[in-house]
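Positions are given from 1, in the same order as the sequence printed here.
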Amino acid sequence: MLVGTPFLASSHLFRSSLTKLLATKFIRYKEVPASLEIVQQSEDVITSPDQAFDVMDFEPAAHKALPPAHFGYLATGVDDDGTVRANREGYSRLQIRSRRLVNVETIDMSVRLLGTTWSSPIVISPVSSQKAFHPEGDVAVARAARAKDHLQILSTAATSSIEDVMAARHAPVWQQLYPTNVWEVGRGIVKRSERAGSPAIVLTVDLQEGSNRETLFRAQAVDKRECSACHASSYTGYAREKPKAGSGGFAQYAARKPMFDGLDLSKVTATHPANMDWDFVKRLRDTVTVKLLPKGIVTREDAEIAVEHGVDGIIVSNHGGRAEESLRPTIESLPEVIEGTAGKIPVLVDGGIRRGTDIFKALALGATAVGIGRPEAWGLAAFGQAGVEAVLEILRRELTTIMRQAGTTSVNKITRSCVVIQPS
Ligand SMILES: Cc1cc2nc3c(=O)[nH]c(=O)nc-3n(C[C@H](O)[C@H](O)[C@H](O)COP(=O)(O)O)c2cc1C
């Protein structure tokens, strides 16, 4: 991790500003009202999942459990992390219009998505390198997804294989695809996933090499551990400098990513190729025999083109603010993407979802389901499977609560009229 200049890495000023930077990340999600300050204790980090009041309580626990570089990887956005904040703040501009005198004794939050009924609209978004957060990684997430009955999307850069994850899930999971710059490698991942029984491939389209993940870089610079003791540190698509020729960068990186096992990686230089375009989607559509969904669409224009290319659904996403610093919340992109699809295919959204009310608002604007990224990883880092289960349970409980409060007994009753945009 000690890749920063010796001056920077040893500078007290640098370290204390990083400490402050990472510390403020918790405050952004939760403003403590002055009246509550009296019950706040300085070291009030939860020590078991049942102590959590909300999913944000898992973030400081994850921070405490993880070394700086791993927490930096989980927390980072790009540039000033403004899009990470924007995703969250987007939800606060929507207000809920509750209906009264509705019999809300029974609440049904099940949804139907591409032919399968799920007991809730909460999906686990793909998160790479989860063994950096907990030794059991994606397998622990799969066990939690099984216990709580959630759809899980596995990352190409996962540190567990789709076969192991499905065995733990006892059901199919969707496979996210970083196709690399070599067609046969991307195709190999698709075919392996199909053989394993995955019913959907999620093509991530929002990420280019070289994202300026500054919070990660700062965290790496202060992490005193030697990374190569555990994993290759010579390749990362997000590093400021490209791996040097002959360094074996990608192959070393892929050695801990089982979805690349058995594939010829000798010509791979990028997980997300810069020349990927709609022709690539067309070729992929002709190759994928299961459902295909692009992840990362944020405009009406692209949604229309996606429909023309025969995709089965769209995931509105900005990679949790880790791709470009657009400052545009995904909840604000959602309506135009739905317009672009003209209701022909389901639209999911992720980014900044931390409350049941956020889920309610996304559903009201027309999402079929929502994804969560960091919250499940916080739960995993802090408490393994039990932490992920608790995160899912809290979100389910909060969604049930707001559905009851708003007088909406089932998801199809959560319509556009349930929300208004905050008057400016
Ligand atoms: C640590 C981390 C790793 C991620 N890895 C991937 C990935 O491999 N593939 C992908 O499509 N998205 C990836 N994402 C983005 C998530 O799938 C999701 O879009 C995002 O986290 C949602 O925002 P949220 O974290 O605010 O919930 C990652 C996000 C995080 C935080």
Side-chain angles (χ1 to χ4, degrees), residues 113-116 123 125-126 128 151 153-157 162 172-211 237 250 259-260 263-265 267-319 323-324 326 330 333-334 336-350 367-369 371:
L113 176 59
L114 295 175
T116 303
V123 175
S125 289
S128 54
L151 170 61
I153 309 177
L154 186 69
S155 167
T156 297
I162 192 166
V173 301
W174 291 8
Q175 177 64 55
Q176 178 265 336
L177 180 65
Y178 285 137
T180 80
N181 59 306
V182 179
W183 170 259
E184 282 309 321
V185 171
R187 188 180 177 282
I189 295 169
V190 167
K191 292 300 150 194
R192 175 178 173 180
S193 308
E194 289 178 351
R195 275 196 305 277
S198 178
I201 300 293
V202 171
L203 174 69
T204 297
V205 297
D206 59 7
L207 196 59
Q208 300 292 342
E209 301 281 315
S211 291
F250 190 83
M259 291 314 291
F260 291 108
L263 299 170
D264 177 3
L265 303 176
K267 297 198 175 63
V268 176
T269 53
T271 44
H272 4 274
N275 64 356
M276 192 163 79
D277 58 11
W278 288 108
D279 284 343
F280 180 92
V281 174
K282 184 173 181 323
R283 193 174 178 198
L284 191 66
R285 177 67 289 184
D286 291 343
T287 301
V288 171
T289 58
V290 294
K291 307 288 187 196
L292 175 65
L293 301 89
K295 172 174 181 279
I297 299 288
V298 288
T299 61
R300 178 191 303 102
E301 297 90 315
D302 284 345
E304 285 169 2
I305 304 173
V307 171
E308 283 162 19
H309 281 69
V311 302
D312 299 289
I314 285 177
I315 304 183
V316 176
S317 179
N318 55 23
H319 222 97
E324 77 277 0
S326 66
T330 48
S333 301
L334 176 68
E336 65 168 281
V337 171
I338 290 180
E339 255 177 60
T341 65
K344 291 182 183 140
I345 51 175
V347 177
L348 291 75
V349 64
D350 74 13
T368 300

Return the minimal non-hydrogen interatomic distance between L263 and G188, and the atom names on each side. CD2-CA, 4.0 Å
Closest heavy-atom pair and its distance - S193, I201: CB-CD1, 3.9 Å
Minimum side-chain heavy-atom gap R187-P179 below 4.5 Å: no
Nearest 0.5 Å, please: how far is CD1 in I305 from CD1 in I297? 8.5 Å
Aromatic rings Y178 and H272: how do their planes relate, parallel, tilted or perpendicular, breaks at 30° and 60°? perpendicular
V337: which of T299, D302, V316, I315 passes side chain to side chain contact (heavy atoms under 4.5 Å, CB included): V316
Are any side-chain N or O atoms of E209 and backbone N or O atoms of T271, one a donor and one an acceptor, separated by less than 3.5 Å? yes
To the closest 0.5 Å, what do you measure between CG (L207) and NZ (K295)? 9.0 Å
Euclidean distance, L154 CG relative to S125 OG, rounded to 0.5 Å: 12.5 Å
Would you please say whether a donor-acceptor pair under 3.5 Å links the side chains of T341 and E304? no
Can you name the closest pair of heavy atoms from A369 and V123 and give their distance? CB-CG2, 4.0 Å
Kindly indicate, with the supporting measurements, whether the criterion salt bridge (Lys or Arg N to Asp or Glu O under 4.0 Å) is fulfilled by D312 and R285. CA-CA 10 Å; D312 299 289; R285 177 67 289 184; 2.7 Å; yes
Hey, are the side chains of L114 and T116 touching, using non-hydrogen atoms and a 4.5 Å cut-off? no
When you compare the side chain of I162 with that of V173, does any pair of heavy atoms fall below 4.5 Å? yes
So, do F260 and V268 sit near enough that their side-chain heavy atoms are less than 4.5 Å apart? no
So, taking the atom named CD in E194 and the one named OG1 in T287, what distance separates them when rounded to the nearest 0.5 Å? 9.0 Å
P172 to P199 - nearest heavy-atom pair and separation: CB-CD, 3.5 Å
Can a side-chain donor-acceptor contact be found between Q175 and S198 if the only test is distance below 3.5 angstrom? no
Does any non-hydrogen side-chain atom of P294 lie less than 4.5 Å from one of I314? yes
Give a yes or no on this: more than 12 heavy atoms of other residues, nucleotides or ligands lie within 6.0 Å of atom NZ of K191. yes
So V185 and D264, do their side chains get closer than 4.5 Å, heavy atoms only? no
Where is the tightest heavy-atom contact between A200 and L293, given as atom of each residue plus distance? CB-CD1, 4.0 Å
Smallest separation among heavy atoms of G340 and V307, with atom names: O-CG2, 4.3 Å
Please check if any side-chain donor atom of N318 sits under 3.5 Å from a side-chain acceptor atom of T330, or the reverse. no
Under 4.5 Å between any side-chain heavy atoms of H319 and T204, yes or no? yes
Donor-acceptor pair, Q176 side chain versus L203 backbone, under 3.5 Å? no
H309 side, atom NE2; D286 side, atom CG - distance, nearest 0.5 Å: 10.0 Å
Is a donor on one side and an acceptor on the other found under 3.5 Å between the side chain of N181 and the backbone of T269? yes
Heavy-atom check, side chain of D206 versus side chain of V298, under 4.5 Å: no
